[in-house]
Amino acid sequence: MAAQTEYKFFEAVEKSFDKAAKFTNWDPGILEQIKQCNSVYRMFFPVKIGDKIEVIKAYRVQHSQHKSPSKGGIRFALSVNLDEVMALAALMTYKCAIVNVPFGGAKGGISIDPKKYTPYELEKITRRYTSELIKKNFIGPGTDVPAPDYGTGEKEMAWILDTYTSMRPGEIDALACVTGKPVSQGGVRGRREATGLGVFYGIREVCNMHDMMKKVGLTPGVEGKTVIIQGLGNVGYHTAKFFREGGAKVIALAEFEGAITNPDGLNEEEVFQHRKKTGSILNFPGATNITKSLDALELPCDILIPAALENVINGENAPNIKAKIIGEAANGPLTPDADEVFIKKGVLVVPDMYLNAGGVTVSYFEWLKNLSHVRYGRMEKRFTENMNTHILSQIEELSGKTVSKKEKEFILHGADEADLVYSGLEETMITATKEIIDCWKSDDKIPDMRTAAYIVAINKVATSYNELGIFP
Ligand code: GLU
């Protein structure tokens, strides 16, 4: 069994970074600069909750500014701490580099249990946090752009936007100060499901690689594969949905209160509704309960997807895991000890900083939309449809044949916002997968896909620092 080492999260990220840096030739000074968190802001602010004043602890960390703005979500959880925010900010730097999104990495967090507050209280906390960020220039379309993360969503992003715009009246690009907004507030269609869809595209691409599947003893393709997902939040829910729609079988779902399993497959929407109604994932009709939630991760399956929090698979439970592929939809769900176990066992670990990059990729599309002040597809949708109608009628006339109604609809359709966002995301994930796998194959000493992903990221960030030059 692997040695039990307790890593702090940021240390674990540094460890993976160092493992990969050995395969590069960059100046040690540049590597050291990349590793550091450039700006760390820890704040305390008072908020009146009922008739008491509560002192709230919060953070925003900008890990890198080799590209501006820096980018990353804001997490609301009692467990939020500086080490976690620093690690998550660092992962954002590498994530953005891998998917060629021109941002530095950042992350924020408020150390609260959001379930303990009313929506009005949460709004007060979010708005006060935003004004603290504004005061220190830690938010803005060209400096630092937050987004949703664990415990936050569209609603919080709308409060951030509203606070920002009221404190910066007349700023023409203010809408781009935050992403993951509701569509009615400048959000982009497809952002909500983006991370889960990216996870699906990423794993599907790996599953389509015959040599990769041979390595783990599986047949190519996603269809028919058995999947276990931990977490039924935004990421877990959408990951489950796209896998089910792609022909895979989600045989177990795990949450805090326990897990459920059904070898015939679970429908995420039905489970979600059941949990909403009863307050628990357990006792779902047709499924078997697993009272100790983590036990579900050890069931036999093809693909295991941790989509909740960090450090859930470590040196202790990794040897019991039977999955052939692990897709890190969450940030940092595996410790470095777990990585070592899986390298030995020949399990393919598809790493977080690439696999869950769908969220920030579509955030980039949203940011571009906000800066351009126009909805995707608005200028060309009708033009494409008119042109396609003309081409098709010419084909029909010249061939004397008619195309079926269904085919006609498909051919004539001009791309709308959701089409363009989905296709931009698909292209991004496919390109990133190929780049990482090519790097992995380029040297048989590279032990795993995570190290290959770090090498790709380090090379991109280091090139950027190198070309910028170091300020004398
Ligand atoms: N919080 C998400 C992540 O960890 C999204 C970040 C963003 O869209 O900026 O990647």
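Ligands are counted one by one from 1 in listed order, and the atoms in each one are counted from 1 as well.
- Contacts with ligand 1 closer than 4.0 Å are made by side-chain heavy atoms of Asn331 only, the backbone lying farther away.
- Proximity to Ala147 (heavy-atom distance under 4.0 Å) selects the following atoms of ligand 1: 6 (C), 7 (C), 8 (O), 9 (O).
- Residue contacts with ligand 1: Asn356 is placed with no nitrogen or oxygen under 3.5 Å of a nitrogen or oxygen of the ligand (distance criterion only).
- Using a 4.0 Å cut-off to heavy atoms of Gly359, the atoms of ligand 1 that qualify are 8 (O).
- What you find for Ile325 and Val347 is that their closest heavy atoms are N-CG1, 4.4 Å.
- Each of Glu268, Glu269, Glu255 was compared with Arg275 under the salt bridge (charged side-chain N to carboxylate O under 4.0 Å, His left out) criterion, and only Glu255 meets it.
- Note that NZ of Lys460 is 10.0 Å distant from NZ of Lys67, once rounded to the nearest 0.5 Å.
- Note: Phe76 and Tyr150 fail the aromatic proximity criterion, with ring centroids not under 6.0 Å apart.
- Taking the six-membered ring for Trp and the full ring otherwise, Trp367 and Phe103 have centroids separated by under 6.0 Å.
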Determine, stepwise, if the pair Arg75 / Leu88 fulfils side-chain contact (heavy atoms from CB on, under 4.5 Å). CA-CA 10 Å; Arg75 180 173 282 206; Leu88 294 167; 3.5 Å; yes
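- Separation of the Tyr454 and Phe23 ring centroids does not fall under the 6.0 Å cut-off.
- Under a 4.0 Å criterion applied to the non-hydrogen atoms of Ser363, ligand 1 contributes the atoms 7 (C), 8 (O), 9 (O).
- Taking 4.0 Å as the cut-off, Pro148 counts as a neighbour of ligand 1 on heavy-atom distance.
- Per-residue contacts place Lys107 under 4.0 angstrom from the following atoms of ligand 1 (heavy atoms of the residue considered): 1 (N), 3 (C), 4 (O).
- Of all atoms in ligand 1, listed by their number and element, those nearer than 4.0 Å to a heavy atom of Lys95 are 3 (C), 4 (O), 10 (O).
- At least one heavy atom of Met92 sits closer than 4.0 Å to an atom of ligand 1.
- Taking a cut-off of under 4.0 Å to the non-hydrogen atoms of Gly73, the atoms of ligand 1 that pass are 1 (N), 6 (C).
- Look at Arg191 and you'll find a heavy atom under 4.0 Å from some atom of ligand 1.
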